Amino acid sequence: MSLQDPDQIVVVGAGLAGLAAALAAAPRKILLIAEAPLGEGCSSAWAQGGMAAALSPGDDPAFHSRDTIQAGAGLVDPDRAILLAREAPLAVRDLADLGAPFDRTPDGGFAQSLEAAHSHARVARMGGDQAGQAIMAAAIRAVREASHITVWTGPRLTGLLQAAGSQVSGVIVTEDGRETQIPAAAVILATGGIGGLYAVTTTPAGLLGDGLALAALAGAQIADPEFVQFHPTAMDLGRDPAPLATEALRGEGARLVNASGQAFMAGYHPQGDLAPRDIVARAIHAEREAGRGAFLDARAAICTHFPVMFPAVFAACQSAGIDPRIEPIPVAPACHYHMGGILTDAQGATSLPGLLAVGECASTGIHGANRLASNSLVEAAVFGRRAGRLARTLTRAPTPLQTSLRLQPLAPQGLRQLRQSMSRHAGVIRDREGLTALTQIIDALIRSEGQAGALVTARMIAQCALDRLESRGAHFRTDHPEPAPLASRTIFTLKAGDFARMAA
Ligand code: SIN
């Protein structure tokens with residue numbers, strides 16, 4: 001297939017959402033573009049827990065949807081939550097049919113783990129903590145075998161093409177300093193999250209929110225960018241990215257303790273170690289700030305079974321000289337997931353014709369202010385497939401190209417300053433003073449470096465966090481510690497010149 005086919009659908013990003021969209025769009029011709037080799041550079045492959053789906057007797061999509069809504073702290077769209085919960089079991093079965101080796105019960109059902117804020121053991125897992133790798137391997141195999149998909153790895157997304165009426169009509173990508181314009185009938189952004197905007201992340205650090213920034217600059221509606229999830233139990237090994245100690249460990253009975261060995265979560269929430277993720281992250285932050293330290297103690301609950309039950313966590317511990325069978329694992333919150341993103345409908349369509357968004361860069365209304373554990377891979381599969389089906393039907397813009405929008409690169413020194421500043425001022429705990437300082441730091445960086453994707457996305461996060469005068473889910477303000485009486489989403493469109501003004 002020629003890269004210049006104007007009737008093709010371009011999918012940018014090859015995490016599970018991008019792959020699911022590309023597969024579901026058959027027989028439509030798909031050009032799948034990813035900067036890293038397939039299976040690398042995306043958070044999906046790093047997922048440990050698995051896919052939340054009501055698959056066991058006694059569970060029901062209504063319970064899954066209720067837990068999703070409750071964890072989301074008032075901002076989850078209930079229709080989308082039930083849609084996800086109803087389609088989740090099928091998404092798991094489809095991946096199993098593609099060869100994903102889910103752990104099974106003796107009677108052939110799906111073995112399921114309990115994770116925080118789930119009312120049932122509902123997370124379909126693989127090889128204990130290998131879900132992301134195994135699911136991605138199955139999906140990648142299917143993509144490689146699909147004759148309608150052409151894969152192009154190497155180039156980075158650096159711009160968007162738009163025709164009259166703002167219809168997105170292609171992408172600009174750059175590889176080895178060479179820019180290429182690629183026309184498309186529609187573009188599906190599957191560009192992932194924003195972990196690389198923070199000093200320590202559990203995701204690949206190259207995820208800088210470029211897709212989100214481009215969509216915003218092109219005029220797409222953006223939702224809830226202030227809601228950033230910090231995983232409570234990233235391993236505190238002085239590494240970035242930080243390896244994860246999956247929540248499933250606490251589902252199996254591991255306890256959070258401080259340096260004196262005292263279990264502390266009961267003092268913070270009635271659900272103790274299995275409280276919602278934002279609450280556990282703040283509790284760990286508080287223990288550490290108070291000088292008591294935070295550790296995950298799996299000695300009694302998992303003990304000698306550790307290497308078999310959680311091989312990825314065990315290997316990460318070993319690489320740092322820690323033996324979790326006989327000593328607790330040091331943990332600290334780290335940036336893990338972006339609940340906000342490009343606003344979409346239930347088919348992945350954004351407010352701009354010709355532009356769809358799936359996976360972490362999208363805001364489907366599922367995650368609200370705080371994503372429920374193991375809802376991300378399942379959302380990627382369900383909404384990726386929906387977007388692929390919609391893309392089959394889309395036709396190219398009737399008018400020729402009118403504008404091209406480009407991101408500027410960000411120098412390593414600027415990115416370092418941004419990451420430190422985001423962690424300091426827009427992290428687990430926020431306030432007006434810090435967020436105001438952050439907006440000024442980012443504006444100064446935009447003046448010196450230009451309109452880099454990381455800066456545009458960070459600026460939206462900082463501004464919306466500053467404007468949200470309440471605490472809700474993952475957004476906690478010490479100067480506004482209570483939730484507002486009415487929960488409302490942040491939904492906005494950048495206007496022409498907004499960024500120039502912010503940075504002036
Ligand atoms: C985990 O296994 O703790 C992470 C799963 C998720 O982010 O949903």
Side-chain angles (χ1 to χ4, degrees), residues 15-17 42-53 64 67-68 71-72 76 84-85 88 91-92 102-103 111-118 121-136 192-195 201-204 207 227-235 241-254 256 265 273-281 284 296 298 302 306 309-317 324 329 331-339 359-360 366-368 370-382 473-474:
L16 184 60
C42 61
S43 303
S44 302
W46 292 19
Q48 292 183 353
M51 293 173 74
H64 181 186
D67 294 345
T68 298
V76 172
L84 176 83
V92 171
F102 285 94
D103 290 353
Q112 296 201 280
S113 310
L114 180 64
E115 289 190 7
H118 283 276
R122 177 183 294 136
V123 179
R125 57 171 196 252
M126 262 169 264
D129 58 9
Q130 314 276 304
Q133 287 229 348
I135 286 171
M136 285 297 288
I194 55 147
T201 175
T202 62
T203 75
L207 298 174
F227 291 105
V228 177
Q229 184 167 75
F230 298 88
H231 197 290
T233 57
M235 290 187 218
L244 200 62
T246 174
E247 233 164 48
L249 285 155
R250 279 176 280 136
E252 292 293 333
L256 284 162
M265 272 313 300
D273 290 288
L274 290 176
R277 203 170 265 189
D278 58 316
I279 291 164
V280 182
I284 291 177
L296 188 61
I302 300 164
F306 212 118
M309 285 176 74
F310 297 100
V313 181
F314 189 72
C317 286
I329 308 165
V331 290
C335 180
H336 184 60
Y337 191 84
H338 196 200
M339 273 76 73
E360 195 172 340
I366 295 292
H367 305 308
N370 185 37
R371 176 175 64 82
L372 185 66
S374 290
N375 260 356
S376 52
L377 284 180
V378 76
E379 186 214 35
V382 165

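What you see is a predicted model, and the numbers here were worked out from it, not measured in a lab. Each ligand, and each atom within it, is numbered from 1 in the order the structure gives.
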* Structure fact -> Residues at least two apart in sequence or cross-chain that pass salt bridge (charged side-chain N to carboxylate O under 4.0 Å, His left out) with Asp129, listed by chain then number, are none
* Structure fact -> If we number the atoms of ligand 1 from 1 as shown, the ones under 4.0 Å from a heavy atom of Glu247 are 1 (C), 2 (O), 3 (O)
* Structure fact -> Filtering Ala245, Ser374, Ser376, Ala116 for the heavy atom nearest atom 8 (O) of ligand 1 leaves Ser374
* Proximal ligand 1 atoms for Ala373, defined as those under 4.0 Å from one of its heavy atoms -> 8 (O)
* To do: Can you pull out the closest protein heavy atom to atom 7 (O) of ligand 1? Residue, atom name and distance to 0.1 Å, please.
  => His336 NE2, 2.6 Å
* Structure fact -> Output for pair (Thr233 OG1, Leu249 CG), nearest 0.5 Å, gives 7.0 Å
* To do: State, with a plain yes or no, whether a side-chain heavy atom of Met265 is found less than 4.5 Å away from one of Pro232.
  => no
* To do: Show which atoms of ligand 1 fall inside a sub-4.0 Å distance from at least one heavy-atom site of Gly49.
  => 2 (O)
* **Short N or O distance, Asn375 and ligand 1, threshold 3.5 Å exclusive** => no
* Structure fact -> atom 6 (C) of ligand 1 has as its nearest protein heavy atom Arg277 NH2, 3.2 Å
* What protein heavy atom sits nearest atom 1 (C) of ligand 1, and how far off is it? -> Thr246 OG1, 3.4 Å
* Asked: Atom CG of Leu256 and atom CG of Asp273: how far apart are they, to the nearest 0.5 Å?
  -> 5.0 Å
* **Separation between CE of Met339 and OG of Ser376, rounded to the nearest 0.5 Å** => 11.0 Å
* **Residues which pass side-chain hydrogen bond (donor to acceptor under 3.5 Å, both in side chains) with Ser44, listed by chain and number, not counting sequence neighbours** => none
* If we only count N/O pairs under 3.5 Å, is Ala248 in contact with ligand 1? -> no
* To do: Would you please indicate if the ring centroids of Tyr337 and His367 are separated by under 6.0 Å?
  => yes
